[in-house]
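Quick note: numbers below take in every heavy atom, side chains included, and nothing from hydrogens, waters or symmetry partners. Numbered from 1 within each chain, the chains take letters A, B, ... in sequence-line order. Keep in mind that this is a model prediction, so the values were computed, not measured.
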Amino acid sequence: MPELPGLKPGGIAARARAAIAPAGPQASYLAGLNPEQREAVETLDGPLLVLAGAGTGKTRVLTARVAHILASGRAFPSQILVVTFTNKAAREMKDRIHGMVGDQIEGMPWLGTFHSIGVRILRRHHELVGLKSGFTILDTDDQIRLLKQLLAAENIDEKRWPARLLASTIDGWKNRGLSPKDVPPGEGAVFANGKGGMLYAAYQDRLKALNAVDFGDLLLEGIRLFRENPDVLAEYHRRFKYLLVDEYQDTNVAQYLWLRLLAQGSKNVCCVGDDDQSIYGWRGAEVDNILRFESDFPGAKVIRLERNYRSTGHILASAAHLIAHNEGRLGKTLFSEGDEGERVSVTGAWDSGEEARAVGEEIEALQRAGHRLSEIAILVRASFQMREFEDRFVTLGMPYRVIGGPRFYERAEIRDALAYLRCVNSTADDLAFERIVNVPKRGIGDATVKQIHDVARAAGVPLQEAARVLTESEELKPKVRGTLRGLIQAFERWREQARVMSHTEIAEIVLDESGYTEMWQKDRSAEAAGRLENLKELVRSMEPFENLSGFLEHISLVMDVDNGAGEDAVQVMTLHSAKGLEFDTVFLPGWEEGLFPHQRALDDQGKAGLEEERRLAYVGITRARASARIWFASNRRIHGMWNSTVPSRFLDELPDAHVQVEESRGGMGWGGSSYGGGGSYGQSRFDRAEPFAASSYSTPGWQRAQTQRGRTDSGGSGGGRGGFSERGGRYDAGASARRGPMVIEGTLVASSSAPSSAFKRGERVFHIKFGYGEITGIDGNKLTVQFDKAGEKRVVDTFVEKA
DNA sequence: TCCCTTTCACTTTTT
DNA sequence: GTGAAAGGGA
């Protein structure tokens, strides 16, 4: 299409579309929508809540709605506000709208994350909230260093009151939309014997002095801006004719307040979300926001999307039955029109190692059957679980990819490199200067840094300037003085060069001449090569930007690199990072009490915590299109200690009719299941499962476990060959002859396989978790023990030893 | 100032 | 068991 000079592409596009293709049955973006989706797209006036269950085409509705608004000529692209949580979601949305509406719409200016739109607004009105232009955005690392300084200045023991804790406390306040003066005195007093509120205020002052904001401020200051300047708010009211919010169940109070202020204008606010997928309560998300929508926005219409296009019947029914155990929900019932598919499988393993082995074998079988590895995912509750799977995949030579983990820009080398660039970009970036002044080590230690600080404070100048002044005085030792002067001069030189060179060239020069690259080249550790690679990647990622400051501006908010997507590899990630994704086959390992639901969630949040864990389980199951395979292990090492575990209560909440309880081909699933408070899980069908209770020790799995244990040093590498073939013959042979105590890494795990227990009533025993106790009852291999500390528990005899 | 030893925690994570 | 961070000694 030829360019039309002087005309705004967006405006033309919208009008042209409206003229050529008026919104009607024939509009292409409406094609293929079901009636509910279509209603959600076409209900343009007034507040609308779209409750979109998992796999019901939520993104499709959002993008079609934008297309519809544009095509019907109701608004220009610049008059639509679309907010998402992650950059990834924003990018996807942009791409899809682009695909629907076409080239003419040059990206919608107000489509982005809460934070990126927040910055955009603050940059336009910075003077109204007391910021200078070009303010910097601090990330968590900067925040913590700043808070450490504040704590030190207040003589607060950092051991007792860690900066991290203060940071998350302040974050929590900001998430709830509280500025220092709004913090309830009682709450402010919680930290450091009453100094919490004061520290928060001091922190905000420091931020202002540094001309910086943190992530929370991007919204909080926006709220303040709107409240204190009605004329500014009115301007945005006029501007935004339509507001759309993705993942509304994840909004926190600050985001809610921010949004509500903006929505007072046109009232055409459409929020899309799923209360059953709210899994971010721990970082301030308020499910309440979505539950309250109808009362918050009077006259709101609610549309439910319940037709699921992703999963088979059994999977959907299992997920639905599970989530029905939650009380705080709006209630939806997903249904699918596809076939029932295969049942959700539940399998027990002896321990986490066997769990990983068995899952690895199943994946190999799937691979042989022609499944693509990238359509297989392992979703874990906690990242430490990934390790065993990774180890396994390495020995199997199975390609895998870990999603999530430390983000690219959070890596030390990237942050160091960025700090150098920030110093080149601005002489006033004190935090960046402090970070790299002695990286690589050049003999400028704490003592010198403190001196620089003193000069800076006294003269009211930034650290770089103070350092320059200091090198001109006689106060430093000659050696230090020389190095510091060299560094300052280097920065001046780089700044000069930055004017004439491209920013990527400058970056390379800076990293090279500062000795930073050399530092890693000399480093003998295993990660050094990867770090150098990351530095190269950083420079590469700068290319699309116009200049250094443009790059730095974006990097604080948006920085994720493609980590080799598209290659055929098993996807390993946490349940949290799986939200929004889908796979043909999903493995869900580690469904054990204490791990999932996580003990900490139960301890800290009680019932609310349990319900959030349950939602997490729901998210996990609904990621699967065709096959969901749940696992639990009877023994897991927690904090370096082997613990026997109890199958997760969520397993009992799955509907029998849709679940296939598998006998692990490795056997041994149900070994020791009696940990876990109260007897309420004693009734679990997984406790009663017969094949294992009486005859555990003659199953192939047990023998295999023993054999593997016996080959002490072969653990990992010995299992390299696929497992199925080894199973049948080898481990069965002579199995029943194996008797006697079994010691694993110094812990007595099993002492007897005799059908009648070797224990007697009244005998004193020791349990690794519960300590000492006295046997009060014997039932097969299960003992009832009155523990001195832990009270009465039912335990399998293999987990206690005679005291 | 640096390096080594001790100590501590250990759920989830975006911006 | 493991890794990161902090403190103390060289």
Side-chain angles (χ1 to χ4, degrees), chain A residues 83-90 112-119 137-144 148 157-159 162-165 168 171 174-175 213-220 247 250-252 254-255 278-285 352 379-388 403-407 409-410 412 438 440-449 477 479-480 483 525 527 554-560 573-580 590 594-605 609 612-613 615-617 619-620 636-642 745-747:
Chain A
V83 227
T84 64
F85 273 83
T86 62
N87 292 304
K88 190 169 158 235
T113 62
F114 275 101
H115 296 269
S116 65
I117 290 168
V119 190
I137 301 161
L138 302 192
D139 58 27
T140 325
D141 234 57
D142 295 325
Q143 262 184 68
I144 288 184
K148 275 189 178 161
D157 181 11
E158 234 244 87
K159 269 229 159 109
R164 243 174 211 299
L165 180 64
S168 60
D171 247 26
K174 290 191 172 179
N175 284 339
V213 293
D214 65 16
F215 286 122
D217 287 339
L218 296 178
L219 292 160
L220 211 52
E247 306 277 18
D250 288 338
T251 48
N252 60 37
Q255 286 156 340
S278 164
I279 55 174
Y280 286 110
W282 49 272
R283 67 177 194 212
S352 50
L379 310 182
V380 298
R381 173 69 241 284
S383 44
F384 74 82
Q385 292 174 261
M386 292 181 183
R387 194 163 167 168
E388 238 152 342
I403 314 284
R407 238 146 298 288
Y409 67 94
E410 278 168 8
N438 199 30
K441 301 218 158 56
R442 41 172 81 91
I444 302 173
D446 289 347
T448 317
V449 172
K477 290 191 192 121
K479 197 174 156 205
V480 178
T483 345
S525 66
E527 322 90 78
H554 269 257
I555 199 126
S556 47
L557 287 173
V558 186
M559 179 72 192
D560 35 19
M573 68 193 89
T574 62
L575 287 160
H576 281 91
S577 40
K579 191 166 77 141
L595 176 60
F596 191 36
H598 200 281
Q599 194 57 48
R600 190 104 165 227
L602 303 179
D603 291 347
D604 298 353
Q605 306 287 324
E612 184 154 311
E613 296 284 294
R615 291 193 290 266
L616 202 48
V619 167
R636 189 175 292 278
R637 198 159 50 190
I638 301 165
H639 308 333
M641 294 259 278
W642 280 99
E745 288 167 34
T747 301

Determine which nucleotide pairs with B:dT13, using a 3.5 Å limit on both distances of a Watson-Crick or G-U wobble pair. none
To the nearest Å, give me how far apart CZ (A:Arg164) and P (C:dA4) are. 13 Å
For the side chain of A:Asp217 and the backbone of A:Leu220, is there at least one donor-acceptor N/O pair under 3.5 Å apart? no
I'd like to know if A:Arg381 reaches the base of B:dT12 with its side chain, counting only an N/O donor and acceptor under 3.5 Å. yes
Any side-chain N or O of A:Ser383 below 4.0 angstrom from OP1/OP2 of B:dT12? yes
Distance test, side-chain N/O of A:Lys148 to OP1/OP2 of C:dA5, below 4.0 Å: no
Under the criteria of a ring-centre distance below 5.5 Å and an interplanar angle below 30°, is A:Trp282 stacked with the base of B:dT12? yes
When you measure from the side-chain N and O atoms of A:Thr448 to the phosphate of B:dT1, is any distance below 4.0 Å, counting only OP1 and OP2? yes
Out of B:dT15, B:dT13, C:dG3, which has the shortest distance to the side chain of A:Arg283? B:dT13
With the stacking rule set at 5.5 Å and 30°, tell me whether A:His598 counts as stacking on B:dT12. no
Nearest to side-chain heavy atoms of A:Thr86, which nucleotide of C:dG3, B:dT1, B:dT15: B:dT15
Where do A:Ala89 and A:Thr84 come nearest, in terms of heavy atoms and distance? CB-CB, 3.9 Å
Walking DNA chain B from its 5' end, the first of A:Ile444 and A:Ser577 to be reached, judged by nearest nucleotide, is A:Ile444
If you only use heavy atoms from C-beta on, which nucleotide in B:dT15, B:dC2, B:dT13 is closest to the side chain of A:His576? B:dT13
Give a yes/no answer on whether the side chain of A:Arg600 brings an N or O atom under 4.0 Å of OP1 or OP2 in B:dT11. yes
Counting only side-chain N and O atoms of A:Thr574, is one of them less than 4.0 Å from OP1 or OP2 of B:dT11? no
Search all heavy atoms of A:Ser278 against all heavy atoms of A:Arg615 and return the closest pair with its distance. O-NE, 2.6 Å
Presence of A:Asn87 side-chain N/O under 4.0 Å of B:dT15 phosphate oxygens OP1/OP2: yes
Parallel, tilted or perpendicular: which one describes the rings of A:Trp282 and A:His576, with boundaries at 30° and 60°? perpendicular
Which is true for A:Asn438 with a 4.0 Å heavy-atom rule: it touches a base, it touches only sugar-phosphate, or it touches nothing? sugar-phosphate
Closest-nucleotide mapping onto DNA chain B: is A:Phe384 or A:His115 further toward the 5' terminus? I mean the 5' end. A:Phe384
Please state whether the phosphate of B:dT14, meaning OP1 or OP2, lies under 4.0 angstrom from any side-chain nitrogen or oxygen of A:Asn252. no
